[in-house]
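Let me begin by presenting the structure, written as structure tokens, before commenting on it.
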Amino acid sequence: MLFLDELPEFRKDALEVMRQPLEDGVVTITRVQGSFSYPCNIMLVASMNPCPCGYHGDRKHDCTCTPKKIQHYLSKISGPLLDRIDLHIEVPAVEYDDLDSRVKPESSASIKERVNRARQIQTERFRGSGIYSNSGLTPAMCEKYCVLSPEANSMLRAAFDSMGMSGRAYNRVLKVARTIADLGGSERIEAEHIAEAIQYRSLDRKFWA
Ligand SMILES: [Zn+2]
């Protein structure tokens, strides 16, 4: 796993150069002596603030950034790089109740069980196909494995049009929805799965809204 804290603080060219290895799971380094390829199938996790001061959208603090400053900050992450990140999740500031240990969230053990079941479904689905999980699906394979209900299909079409989604983001949504459906034990992708997958593209909405 590669964790990049404060993503917009990295040099833009350093971020852009990650696009190809993220896509192919292979990094190719070219030197005078020749060209070498190394495996780099990684899970990328990155974090960033909503704006330079960190308080944009916060209920208790005022953001002191101008819209232009926020735009400049967000623009350090390009659309094509975002397209290669499956899940964008906004994390609100911690509230008192979140720290109250009497409120019990779902246990890690039960989440693990659900994840293991979903992985098992994928192992069986892709046996002999050369891929191991939904993230490895090519656009052509999506057609076969990501079967949508009619409602899911029209929801995705509407989101594609209204969000100005790229073809790559569209495929991400499909694959994430496939995984959400697997977690719920559903063979077909339903509207609720698409709706949840679209929620995980919140940064696309910030850029193109
Ligand atoms: Zn701010």
Side-chain angles (χ1 to χ4, degrees), residues 1-23 27 40 42-108 111 115 135 155-177 179-180 183 191-209:
M1 187 180 89
L2 173 65
F3 177 53
L4 302 178
D5 196 11
E6 299 280 359
L7 190 63
E9 302 300 331
F10 286 85
R11 269 180 27 207
K12 197 165 180 176
D13 56 343
L15 294 177
E16 290 305 300
V17 89
M18 292 197 315
R19 277 160 46 180
Q20 180 263 330
L22 279 176
E23 191 78 5
V27 64
C40 77
I42 54 136
M43 178 188 284
L44 170 69
V45 179
S47 71
M48 65 189 283
N49 279 317
C51 66
C53 87
Y55 288 125
H56 187 69
D58 191 286
R59 289 195 294 130
K60 291 185 185 144
H61 300 87
D62 290 329
C63 166
T64 54
C65 311
T66 59
K68 203 172 164 193
K69 224 169 137 188
I70 297 176
Q71 186 72 38
H72 177 72
Y73 180 74
L74 294 177
S75 72
K76 292 184 187 173
I77 316 298
S78 74
L81 178 62
L82 271 183
D83 278 351
R84 289 165 170 84
I85 299 177
D86 290 331
L87 310 174
H88 313 162
I89 298 170
E90 289 186 47
V91 188
V94 175
E95 296 285 340
Y96 182 83
D97 278 352
D98 299 334
L99 301 173
D100 186 346
S101 57
R102 283 167 301 183
V103 184
K104 285 267 174 285
E106 187 182 3
S107 72
S108 295
I111 296 172
V115 170
S135 67
M155 180 180 279
L156 184 54
R157 176 187 290 267
F160 183 83
D161 288 339
S162 67
M163 289 168 70
M165 223 182 255
S166 69
R168 205 171 253 119
Y170 168 88
N171 277 303
R172 296 271 162 195
V173 168
L174 265 185
K175 290 193 263 186
V176 169
T179 297
I180 296 167
L183 286 165
E192 67 197 78
H193 307 133
I194 289 289
E196 187 178 340
I198 290 168
Q199 263 190 42
Y200 297 133
R201 301 224 60 86
S202 61
L203 280 169
D204 291 352
R205 290 204 293 273
K206 274 206 170 60
F207 281 89
W208 296 312

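Counting from 1, the numbers follow the sequence of the chain as shown. One-based numbering, in listed order, for ligands and for the atoms of each.
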Do any protein N, O or S atoms sit under 2.8 Å from the Zn ion (ligand 1), and which ones are they?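 Under 2.8 Å from the Zn ion (ligand 1) - ignoring waters, which are not counted - the protein N, O or S atoms are Cys51 SG, Cys53 SG, Cys63 SG, Cys65 SG.
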Counterpart residues, side-chain contact (heavy atoms from CB on, under 4.5 Å), relative to Val45 (two or more places apart): Met1, Phe3, Met43
Applying salt bridge (Lys or Arg N to Asp or Glu O under 4.0 Å), can you list everything that pairs with Glu6, at least two apart in sequence or on another chain?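 Partners of Glu6 under the salt bridge (Lys or Arg N to Asp or Glu O under 4.0 Å) test: none.
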For Glu9, what residues pass the salt bridge (Lys or Arg N to Asp or Glu O under 4.0 Å) criterion, not counting sequence neighbours?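 Residues passing salt bridge (Lys or Arg N to Asp or Glu O under 4.0 Å) with Glu9: none at all.
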For Asp62, look at atom CG and say whether over 12 heavy atoms of other residues, nucleotides or ligands are found less than 6.0 Å away.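 Not buried by this count: 12 neighbours or fewer within 6.0 Å.
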Heavy-atom pair with the smallest gap, counting every atom of Glu16 and Ser78: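 That would be OE2-OG, 2.7 Å.
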Using the ring of each side chain (for Trp, its six-membered ring), is His61 parallel, tilted or perpendicular to Tyr55, with breaks at 30° and 60°? parallel
